[in-house]
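Step one of this worksheet: look at the structure below.
In this text the structure is predicted, and so the values were computed from the model without any measurement. The sequence lines fix the lettering, A, B, ..., with proteins before strands; numbering per chain opens at 1.
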Amino acid sequence: MNFRLAQVIVDVPSRETDRPFDYSIPKSMQGWIEVGSRVGVPFGHRTVQGFVVSLKKDSEMDSARIKPVAELLDLVPPLPPDLVELAEWMSRKYACSMISSLQAMIPAALKGKAERYISVAEQEKENYGDSADSLFVMQPLLTGEEEEIVTYVKASGSVTLDHLNTRFPGQAGIIKGLISQGVLSEVQLIKDKVRKKMVKTVAATVSGNEAEVALSSFTAQARRQKEVLQFLLEVGIPLSLQEVLSTLRVTAGTVKKLEEKGYAVIEEVEVFRDPYQNRRFKGTEPLQRTPEQDVVYSRISAALDDRTFGTFLLHGVTGSGKTEVYLQTIERCISSERQAIVLVPEISLTPQMVERFKGRFGSKVALLHSRLSHGERYDEWRKIREGKVQVAIGARSAIFAPFRNLGLIVMDEEHETSYKQEETPKYHARDVAVHRARQHGAVVILGSATPSLESYYAARSQVDDKFAPVLLEMKQRPSGSHLPAVHIVDMREELRDGNRSMFSRALHAGIASRLERGEQTVLFLNRRGYSTFVMCRTCGYVAGCPECDISLTYHQKSNNLRCHYCGYATPAPSVCPECGSEHIRYFGTGTQRVEGELAKLFPGIRVVRMDVDTTSEKGAHEKLLQAFREKKGDVLLGTQMVAKGLDFPDVTLVGVIAADTALNLPDFRAAEKTFQLLTQVAGRAGRHQLPGEVFIQTYMPEHYSVVHASGHDYDSFVREELKYRKGLHYPPYSKLILVTLSHEKLPLLLRMAENFAGDIRLKAQRLGWYGNLDRFSSEALDIMGPVASPIPRIKNRYRFQCMVKYRGSMDVVGLVREIALTTHHNLRDSSLQISIDVDPQMLM
DNA sequence: AGCACGCCGACT
DNA sequence: GTCGGCGTGCTC
């Protein structure tokens, strides 16, 4: 069966080119080009990279315009067919282009760009021979400048256009002219960002008797060569040239001579860059399962053995041993010749985590994380594609690990927002995982101590037939250790009693006593609260939107308060509307401020500060934690990153500076995120012999997210939170699509945004979808806005957004995409950008 | 996105 | 007269 045509998605990010283009497959590439192949194709006036998404037999129609594939870029297609299918699904689900979906699936190293190579045209060489001095005869029509360039190109054979441009600056026009005259010719080839790493190896070609003869044949002068051969014979396996040179202190010339005599061969072989090659990992054995773990393990194992698609939501308290369950189910999966993907939030891809998996599975594991170089990442990825490993661990994008026979996908901390990509393609790894597992008949485990409401609701109600996980629970800690005592500190009381510091008296005393006893403290600051909101320091009143039940954002420029959902605005009050106090002000605090205050209150205190500023350097994260572990600091102060998976034996106090900073963000998930974080943080203290204590400072001590986090009570929290969500028709009781329009000209943008929202409304009405979500019906759709985006201008472009909120299984994404397309088409102005975020996580 | 084509203003 | 400004339209 010979396919003659390849349908190719080209690497040109525009709406008009977001469809397959047909190319003929040259004889030489037939059989090699498959679905998922990466190719170089002529496109317009240049060559671009593309991906083959399907193959066709010859079609008689429109054959005249069809060009051939220029180049096949990899011997093995980088994408197996199921990933191409997944890309199609992603593009539909998230309203993004095919090329962006495909690009997200391969390592950045393979984002090839065309390189233009220039050489002297063939007929020119033939006509005028090869000798340089015949040039003046041959080109009477060429100017001196032109001649100089041609001579240069001829002498070097083939040069890149870039090189030629730097060698002959300001003469780009002349070079272009020579190409169009046919004197010079141009070839475009796709060049990858990294090459495979090659290493030279040396091996002896003789052995036994032959070797004896060879060794005795060396003269005294060639004694170094003799040493090399002896060494090679002793070792008996090929060695890297580098190794031979450094151990014997000989030069490459010596080895080369040996090769010339035929006693050895030097070969170039490709190697994998292994970022962990110099590290030894202590092997670990599976632990004895607790009864709880055993129940969970058997349920999942049964599903694995069935080899049919299934999803589990594993709700286990911090320290209940979820990781051990993962490890053992992975073991079971790979022992049946199938592979497993483990997804973790980037932030928890810590050395401890790595050690645990490497310790159990050793070289069967590939690690994909953002700190790897392009080359290292590419190599880890190739180990997966070539079947050299059975387990892939990584952040979000590891869901695209090119395994061919997936059996299990584990998603740890499934509630983490980092699983949603904020750039195009704006996919959620959880949904992609479920779809991929379905393709492979694989099992998904979503694990968390504080599951997302979406997952928990789906598991509880079994309502969504596409994704209804089976709920599994683990409520005990195998170690028998107790969850720490959590104290809520009312900061309003502190102020009333005259304490204006950011530390309550209780926390202050706590830190002081830890300093005395030589124990350690972790202080947590929620960075998400950095944006400003208005709050009364006397009574805790927070300005909220009357329509949306969400706190308002303070805008300094206009001195008013605004709602990001409905556009409501009101002047900023100077006294509290609730209690009349003048202590009303906008809030916001940073780690630096806390550090400064600590230094003032506790002279000589050693603070390890972890935030974006101090951890931007490679490895800084690990270094800071190591320093704290070695007790080079009394206090570890940081944001999110101190909350995750850390385990220090001497930490007996955890303080949350301001629990409610995130609560007041204009985000309907504010309570959920606060609860998750507080629960996470509270799990940090007292994990070992020393008992732990947690202080949560807050201005809203009665808020249910704070109360239930302090009681380690997930169920009660969820009950209240679902009530709130249901009342306002937020997920999981509805689905959201956030559409952001941007343009340089504000009036035009505003008009377009109004038009867009109007068109959606109109079309939805015609389809019978439109209507208030309050009405009793399984299908309803509402569109809010347009309103100015939380960041109203980025890079000189104004931004407006609309929020589509709906219930039912209608293809609303399709509708939004269609209207976006026509809006664009009608305006004929390519500078209008419309970005669509399906299931948005960040609403500000 | 590029890149060429094409139609109007400041220069040798 | 021509060089070159960037609007518009196409890419199998």
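Not a single salt bridge (Lys or Arg N to Asp or Glu O under 4.0 Å) links A/Asp759 to another residue, sequence neighbours left out. The side chain to side chain contact (heavy atoms under 4.5 Å, CB included) search around A/Ser734 returns A/Pro731, A/Leu736, A/Leu773, A/Lys805, not counting sequence neighbours. For A/Glu186, the side-chain hydrogen bond (donor to acceptor under 3.5 Å, both in side chains) partners two or more places apart in sequence, or in a different chain, are A/Arg116, A/Gln188. For the side chain to side chain contact (heavy atoms under 4.5 Å, CB included) test, residues two or more places apart in sequence or in another chain that qualify with A/Ala87 are A/Met98, A/Ser101, A/Leu102, A/Met105. For A/Gln765, there are no side-chain hydrogen bond (donor to acceptor under 3.5 Å, both in side chains) partners at least two apart in sequence or on another chain. Listed by chain and number, the residues in a side chain to side chain contact (heavy atoms under 4.5 Å, CB included) with A/Thr160 are A/Glu115, A/Tyr117, A/Asp162, A/His163 (sequence neighbours excluded).
The stretch residues 32-44 of chain A touches DNA chain C through A/Pro42, A/Phe43, A/Gly44, each having a heavy atom within less than 4.0 Å of the strand. For the segment residues 88-107 of chain A, no residue has any heavy atom less than 4.0 angstrom from an atom of DNA chain B. Of the residues in residues 13-21 of chain A, A/Pro13, A/Ser14 come within less than 4.0 Å of DNA chain B through at least one heavy atom, sorted by number.
Annotation: of the two residues near DNA chain C, A/Pro68 and A/His45, the 5′-most nearest-nucleotide partner is A/His45.
The CG atom of A/Asp22 sits 6 Å away from the C1' atom of C/dC12 (whole-angstrom rounding). The nearest whole Å value for the distance from the CZ atom in A/Arg4 to the C1' atom in C/dC12 is 17 Å.
Side-chain atoms of A/Ser54 and A/Gln7 include a donor-acceptor pair closer than 3.5 Å.
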All N/O donor-acceptor pairs, side-chain side in residues 814-822 of chain A, below 3.5 Å, sequence neighbours left out:
unit_1, atom_1, unit_2, atom_2, d
A/Arg817, NH1, A/Ser91, O, 3.4
A/Arg817, NH2, A/Cys96, O, 2.9
A/Glu818, OE2, A/Lys763, NZ, 2.7
A/Thr822, OG1, A/Glu818, O, 3.3
A/Thr822, OG1, A/Ile819, O, 3.0

Could you give the side-chain donor-acceptor pairs of residues 28-37 of chain A under 3.5 Å, partners two or more places apart or in another chain?
unit_1, atom_1, unit_2, atom_2, d
A/Gln30, NE2, A/Ile25, O, 3.4
A/Ser37, OG, A/Glu34, N, 2.9
A/Ser37, OG, A/Glu34, O, 3.1

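Scanning DNA chain B 5' to 3' for nucleotides with an atom closer than 4.0 angstrom to a non-hydrogen atom of chain A gives a first and last hit of B/dA1 to B/dA4.
At distances below 3.5 Å, at least one donor-acceptor pair connects side-chain atoms of A/His824 with backbone N or O atoms of A/Leu832.
Figure legend: A/Arg19 and A/Phe21 shown as a cation-pi pair, the cationic atom lying under 6.0 angstrom from the six-membered ring centre and within 45 degrees of its axis.
Remark: A/Arg669 engages A/Glu454 in a salt bridge, criterion side-chain N to carboxylate O under 4.0 Å. Electrostatic pairing of A/Asp839 and A/Lys93 counts as a salt bridge here, judged by a charged N lying under 4.0 Å from a carboxylate O.
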